[in-house]
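Structure first, then comments.
Basis for what follows: all heavy atoms, side chains included, without hydrogens, waters or symmetry-related copies. Keep in mind the model is a prediction, meaning the values are calculated, not measured.
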Amino acid sequence: MDYKDTLLLPKTGFSMRGNLPQNEPKRYTQWFNEDKAYEKMKTNRKNAEKKFILHDGPPYANGHIHIGHALNKILKDIIVKTHYFFGEEVRYVPGWDCHGLPIEQQVEKKIGKEKKESLPKSKIRELCREHARKFIDIQRDEFKALGVIGDWKNPYMTMKFEFEADIYRALCEVATKGLLIERSKPVYWSWAARTALAEAEVEYEDKEDYSIYVAYPLKDEAKKALEIEEDANVIIWTTTPWTLPANMAISFNPEEDYVLTTDGFIVAKALHESLLEQEVLKGEIKKTFKADILENLYAKSPLNGKDSKLILGEHVTMDGGSGCVHTAPGHGEEDYRVGLKYNIEVMMPVDERGCYDETVVREGLLPDPESFVNVHIFKANERILELLGDSLLKCSKFTHSYPFCWRTHKPVIYRATKQWFIAMDEETKGRDTLRQMATQNISKVKFYPESGINRLGSMIENRPDWCISRQRDWGVPIAFFRDKTTGEPIFDEKVMNYTAMIFEQRGADAWWDMEISELLYPGSGYNPENLEKVMDILDVWFDSGSTWKAVLESRVYDSGAYPASMYLEGSDQHRGWFQSSLLVSTAARGIAPYDKVLTHGFTVDAKGEKMSKSKGNVVAPNDIAKQYGVEILRLWVSLSEYTTDLKISNEILKQVSEQYRKIRNTCRFLLANSEGLKEILPYEKMGVLDRWILNHAKKVFDEVEACFKEYDFSKGFSLLSHFIAVELSGIYLDISKDRLYCNGEKENIRLSTQSATALITRRLLALIAPTLTYTVDEILEHAPAIIKEDMDDVFDMLYTQMDNIEVDFDAEYMMEAREKFFEIIDNLKKEKVIKSTLELVLVTTSEKVAKINSTDAEDWFTTSGIVSESTGEDMGSFKVGDDTFKIVKATENKCPRCWKFKSSEEEGLCKRCDEVLNA
RNA sequence: GGGCCUGUGGCUCAGGUGGUUAGAGCGCACCCCUGAUAAGGGUGAGGUCACAGGUUCAAGUCCUGUCAGGCCCA
């Protein structure tokens with residue numbers, strides 16, 4: 001007779017394999033239908049004690065998403081859900097960054113430069129808007145395909161009218177605090193196109209230039225500092241003679257040695273030899289000194305006799321030239337920076353066409369200055385060389401890589417123009433400086449990982465004033481009026497409020513479309529004739545830096561509150577969004593916009609190298625979803641140490657798939673084994689093995705919970721995986737089979753195991769739900785009532801801690817015994833002496849074993865008995881402490897039903913099975 | 001070149017304030033089961049803790065330097 005049918009074998013509709021790539025999209029579609037999942041999450045936690053608000057950092061609305069986006073959004077989703085399944089109210093409103101140069105360039109590429117220039121600004125902006133909208137739709141679908149849940153029905157976009165108005169309002173707040181200033185700063189300038197260029201609009205090409213060494217005589221004070229009477233000249237080197245009229249200073253390296261030569265020249269010691277070889281000078285070293293003794297003294301320009309300040313700068317290198325750097329703050333980024341430090345005026349004698357203007361006359365920058373006015377700078381080089389006369393120590397030509405305009409393909413120049421800045425070090429209206437306030441605010445933020453505070457802190461400490469103006473079309477205008485007669489901007493609150501109101505209704509396009517008279521509120525008292533519009537737009541970092549206001553504070557979004565609980569982005573955003581948001585929020589409100597900042601690293605390939613198209617090691621999220629399933633990608637995120645670089649490759653994904661399979665199958669078995677249970681057995685009626693696993697699970701789950709609450713998912717999942725593989729699947733489920741399969745349906749011994757299984761399953765599912773939301777949802781569909789309770793789907797789940805129950809079971813001792821037992825068993829099996837441990841009986845007088853119920857004890861080792869003495873054939877023995885365990889062959893017969901060797905007669909049922917069948 | 005960070009078996013990760021033969025899971029090899037079966041179980045082999053110095057009775061753990069990699073600047 002086949003007794004198989006009399007057993008209570010596992011039964012479940014939950015399949016072993018998930019067919020994730022085929023099945024995931026269907027479930028996701030249901031979740032996102034009418035934002036059902038997100039709405040349910042909001043409803044279920046209404047008025048929860050705690051609230052967690054994740055404020056989304058906006059991706060740029062251009063292109064498809066890559067694996068980095070996927071990591072970012074999945075991690076956000078896991079964190080939001082972690083808070084959710086632990087019982088908190090959550091908010092997550094995703095958003096997009098829409099303005100900025102890359103989109104403008106895409107549009108220009110599409111319609112061509114000529115057409116772009118002929119179209120009205122509002123038309124171009126409309127095309128940019130279309131482009132952004134198209135990619136927002138694409139990316140939104142791609143993010144949803146990753147199972148990321150949020151307010152997809154009403155995401156934020158920085159180009160929405162209300163949003164543009166709020167960005168502008170944030171700017172007004174900064175202005176009102178007195179932190180908005182105008183100053184000249186050099187930018188890339190295409191004289192051919194008469195426009196400022198962004199970094200991305202510059203291409204490098206070869207260009208032939210002069211290489212000249214020029215002598216600048218020291219003034220008396222400087223000579224005195226050097227303790228010399230005779231004349232001495234600082235030698236500078238430059239490739240752009242035309243910038244010499246704007247020379248304001250000479251920079252020395254503060255660390256390096258400088259020398260005075262016998263022929264009266266001053267150069268860096270490290271370069272003296274090379275200058276001798278080039279025959280720039282002939283003298284030997286007469287005196288060595290550090291440049292700080294010359295600091296703030298003067299040399300004289302050989303061109304115009306004006307003072308040139310001697311200053312110190314870290315940017316001065318020893319890899320060429322003379323170690324004494326010609327410094328013209330109007331014509332170079334580094335020159336400008338060091339100039340700021342020494343309070344040096346920005347001289348800018350070149351107009352937008354690249355010609356000298358009246359400045360050269362007014363300031364006397366050249367001899368016979370009138371003859372230079374309207375002369376193009378590149379045509380002035382030769383005349384300037386001539387004017388230098390004997391001061392020109394050496395002149396040659398060479399070819400080097402030089403920035404060119406990407407449209408006109410003409411060389412560009414650095415040219416100082418008026419720009420808008422947010423002042424870092426201005427003490428206005430009785431407040432600390434922005435830098436001080438921001439630094440203080442950082443100290444109140446909790447960083448994950450903690451090193452983030454150093455990174456953001458040192459950036460705030462060292463950054464220059466924030467230049468927020470751009471000379472572009474696709475952005476929020478710096479919409480201020482300027483008084484034509486005084487040149488002063490008008491920061492009148494009523495005027496600004498009215499402008500903001502217009503933007504809210506018509507978008508920022510109004511700034512281009514409407515007349516000044518229309519933009520002023522009726523009865524403002526200003527004369528439109530005497531006003532002009534500032535036509536610069538805002539740096540897009542200011543846009544995203546304002547999202548705390550435009551999203552968290554806005555009534556347009558159900559986004560939670562300001563400040564947010566957390567900002568979460570890649571570590572590159574220390575430079576970007578974390579900083580811009582901190583500065584705008586601190587400037588406007590005096591506080592940081594976030595309580596916590598969490599950063600993740602970048603995705604790299606198996607070798608730890610960055611992904612690039614040229615290397616061909618790029619992994620696309622969609623390919624992973626199609627090959628492995630989104631759950632695998634999500635599990636990869638949870639298993640990875642995200643604070644550092646994250647490696648991803650086929651091998652790694654395969655490994656993650658194995659882990660997923662283990663989790664899935666264990667859950668399957670858990671479901672199958674708790675099937676049919678009506679209610680949880682009271683703890684005091686449970687068997688010792690069941691009490692042991694409950695006790696152990698409690699310890700593990702508590703620890704996992706603590707890890708997850710600190711966002712340490714990889715550690716939490718390691719603990720969980722270990723528990724699932726070793727104690728749960730490896731031991732407990734294996735040793736429970738006899739009790740579950742062979743005993744009667746209503747027997748306590750069976751109900752006890754089922755109860756422990758159900759209690760563990762509920763918590764286990766809630767712990768993995770933030771990561772494997774899809775899988776848990778699928779599990780619940782097939783879960784028996786005792787696990788499912790009144791839940792409709794995964795979103796009804798709530799994690800609760802397990803009860804603490806005591807157990808009189810020395811797990812460490814019993815584990816050791818089990819390990820030693822199986823060491824011997826392995827040999828017995830390999831030697832073909834036995835096939836199954838059920839053929840064996842253990843003989844021991846161990847007190848620790850004696851106090852355990854004998855059925856539980858034999859199940860622990862999966863043997864047919866544990867006795868204190870036996871006459872069976874000796875198969876080996878082992879010791880735990882002082883206790884001896886002897887392994888012997890079972891002397892009774894194999895029960896055809898339960899396979900234990902406990903039957904008194906051949907082919908006869910054992911006592912237990914007999915009772916079960918005849919009950 | 002500067003700032004921040006990372007480097008433990010094939011893979012993913014543990015290793016408070018330095019202290020026994022460096023741990024785990026996965027993978028791999030071998031074996032068992034066929035009543036979780038495109039599952040389950042057992043045993044085992046894998047590590048110069050990137051490298052080189054130093055501090056110390058003692059260093060994966062502290063210090064210095066080098067190399068490799070990442071992000072951000074210049």
Side-chain angles (χ1 to χ4, degrees), chain A residues 2-12 14-17 314-315 317-319 333-334 337 449 451-459 461-463 570-576 579 599-611 635-636 638-641 643-647 649 651-662 664-673 712-726 729-731 733-735 737-738 740-742 818-819 821-832 834-838 862 897-899:
Chain A
D2 189 0
Y3 287 100
K4 190 169 172 179
D5 300 336
T6 71
L7 298 173
L8 294 165
L9 292 177
K11 204 174 75 186
T12 179
F14 182 63
S15 68
M16 206 147 63
R17 319 197 94 209
E314 303 282 350
H315 65 288
T317 61
M318 294 298 131
D319 49 11
E333 176 74 27
E334 284 174 333
R337 284 204 188 195
S451 58
I453 195 169
N454 298 335
R455 193 161 174 183
L456 188 55
S458 78
M459 281 172 177
E461 201 176 309
N462 297 315
R463 69 156 301 144
S571 60
D572 58 332
Q573 297 304 327
H574 286 105
R575 188 57 173 177
Q579 196 182 152
T599 53
H600 61 253
F602 278 66
T603 52
V604 293
D605 68 11
K607 283 185 253 163
E609 293 182 5
K610 72 162 139 197
M611 300 190 172
L635 189 54
W636 167 74
S638 278
L639 292 173
S640 302
E641 220 313 277
T643 57
T644 176
D645 307 327
L646 289 88
K647 289 196 230 174
S649 66
E651 197 203 346
I652 292 169
L653 287 167
K654 236 177 252 168
Q655 188 198 327
V656 175
S657 302
E658 292 293 335
Q659 301 242 41
Y660 175 82
R661 190 171 54 79
K662 184 72 193 175
R664 186 176 174 100
N665 271 320
T666 304
C667 288
R668 178 168 183 267
F669 199 49
L670 289 168
L671 293 189
N673 285 341
D712 194 346
F713 301 108
S714 71
K715 193 168 178 185
F717 259 95
S718 288
L719 291 167
L720 218 45
S721 289
H722 186 272
F723 171 70
I724 289 173
V726 180
S729 177
I731 299 178
L733 292 179
D734 209 42
I735 65 178
K737 287 177 187 172
D738 180 76
L740 288 164
Y741 298 174
C742 305
R818 205 168 181 276
E819 278 164 26
F821 173 68
F822 276 108
E823 259 178 64
I824 295 170
I825 295 310
D826 189 53
N827 284 324
L828 293 178
K829 284 185 177 175
K830 280 186 177 157
E831 287 160 13
K832 311 285 179 198
I834 58 162
K835 289 194 151 189
S836 158
T837 51
L838 287 176
T862 356
R897 182 167 178 273
C898 72
W899 298 346

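- As rounded to the nearest Å, rG27(B) and rU12(B) have P atoms that lie 15 Å from one another.
- When every heavy atom of Phe14(A) is checked against every heavy atom of Arg668(A), the shortest pair comes out as O-NE, 2.9 Å.
- Atom CH2 of Trp899(A) sits about 9.0 Å away from atom SG of Cys742(A), to the nearest 0.5 Å.
- The side chain of Trp899(A) sits closest to rG35(B) out of rC32(B), rG35(B), rU43(B).
- Under the Watson-Crick or G-U wobble criterion, with both distances below 3.5 Å, rC28(B) is paired with rG44(B).
- Between the Ser721(A) side chain and the Ser718(A) main chain, no donor and acceptor come within less than 3.5 Å of each other.
- rG16(B) and rG60(B): their P atoms are spaced 13 Å apart (whole Å).
- Side-chain N or O atoms of Arg897(A) include none that pairs as donor or acceptor with a backbone N or O of Lys4(A) at under 3.5 Å.
- To the nearest whole angstrom, the two C1' atoms, one in rU55(B) and one in rA59(B), are 10 Å apart.
- Separating the C1' atom of rC13(B) from that of rG47(B) is a span of 15 Å, rounded to the nearest Å.
- Applying the 90° cutoff around 0 to the glycosidic angle, rG46(B) is assigned syn.
- The side-chain hydrogen bond (donor to acceptor under 3.5 Å, both in side chains) test applied to Asp605(A) returns Asn617(A), not counting sequence neighbours.
- For rC13(B), the paired nucleotide is rG23(B), the pair qualifying as Watson-Crick or G-U wobble because both relevant distances are below 3.5 Å.
- Pair assignment for rG35(B): none, as no Watson-Crick or G-U wobble contacts are both less than 3.5 Å.
- Among the heavy atoms of the strands lying under 4.0 Å from Phe822(A) are primed sugar atoms or P, OP1, OP2 only; no base atom is included.
- Qualifying ring pair (Phe, Tyr, Trp, His ring centres under 6.0 Å) partners for His600(A), counting only residues two or more places apart in sequence or in other chains: none.
- The residue Gly452(A) sits apart from the nucleic acid: no heavy atom pair falls under 4.0 Å.
- Judged by centroid separation below 5.5 Å and plane tilt below 30°, Tyr741(A) does not stack onto the base of rG35(B).
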Produce the list of close N/O pairs, under 3.5 Å, pairing protein atoms with atoms of nucleotides 21-26 of chain B; give distances to one decimal.
from, atom 1, to, atom 2, distance (Å)
rA24(B), O3', His722(A), NE2, 3.3
rA24(B), O2', His722(A), NE2, 3.2
rG25(B), N2, Gln655(A), NE2, 2.9

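- Comparing the P positions of rG15(B) and rG54(B) gives an interatomic distance of 29 Å, to the nearest angstrom.
- Pair assignment for rC62(B): rG54(B), on the basis of Watson-Crick or G-U wobble contacts that are both within less than 3.5 Å.
- Evaluation of the salt bridge (charged side-chain N to carboxylate O under 4.0 Å, His left out) rule for Lys835(A) yields no partner, not counting sequence neighbours.
- Mapping Ile724(A) and Leu733(A) onto RNA chain B by nearest heavy atom places Leu733(A) closer to the 5' end of the strand.
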Give the intermediate values and the outcome of salt bridge (charged side-chain N to carboxylate O under 4.0 Å, His left out) for residues Arg661(A) and Glu658(A).
CA-CA 5 Å; Arg661(A) 190 171 54 79; Glu658(A) 292 293 335; 2.5 Å; yes
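- Side-chain to base pairing of Lys830(A) with rC30(B): one donor and one acceptor N or O lie within less than 3.5 Å of each other.
- Using a 4.0 Å heavy-atom criterion, one finds that Ser649(A) contacts no nucleic acid atom at all.
- Looking at the side chain of Lys737(A), the nearest of the listed nucleotides rA36(B), rC32(B), rC13(B) is rA36(B).
- With C1' as the reference atom, rA45(B) and rC31(B) are 14 Å apart, rounded to whole Å.
- The listed nucleotides are rA36(B), rC4(B), rC33(B); the one nearest the side chain of Lys835(A) is rC33(B).
- Nucleotide rG18(B): unpaired (no Watson-Crick or G-U wobble partner with both distances less than 3.5 Å).
- Projected onto RNA chain B by closest heavy-atom contact, Ser836(A) and Asn454(A) fall at different nucleotides, the more 5' of which corresponds to Asn454(A).
- Contact annotation: Arg463(A) side-chain N/O to rG3(B) OP1/OP2 distance is not under 4.0 Å.
- The ring pair (Phe, Tyr, Trp, His ring centres under 6.0 Å) test applied to Phe723(A) returns His696(A), Phe701(A), not counting sequence neighbours.
- Under the 3.5 Å distance criterion, the side-chain polar atoms of His574(A) are matched with a main-chain donor or acceptor of Ser571(A).
- Separating the P atom of rC4(B) from that of rU66(B) is a span of 15 Å, rounded to the nearest Å.
- No engagement by Ile825(A) is indicated, since no non-hydrogen atom pair under 4.0 Å with the nucleic acid exists.
- Across all strands, Trp636(A) comes closer than 4.0 Å to no nucleic acid atom at all (heavy-atom distances).
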Readout for nucleotides 69-74 of chain B: B = base within 4.0 Å of protein heavy atom, S = sugar-phosphate only, - = neither; 5' to 3' it is SSBSSS
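- The residue Lys4(A) sits close to a base: some heavy atom pair falls under 4.0 Å.
- Atom NZ of Lys829(A) has more than 12 heavy atoms from other residues, nucleotides or ligands within 6.0 Å.
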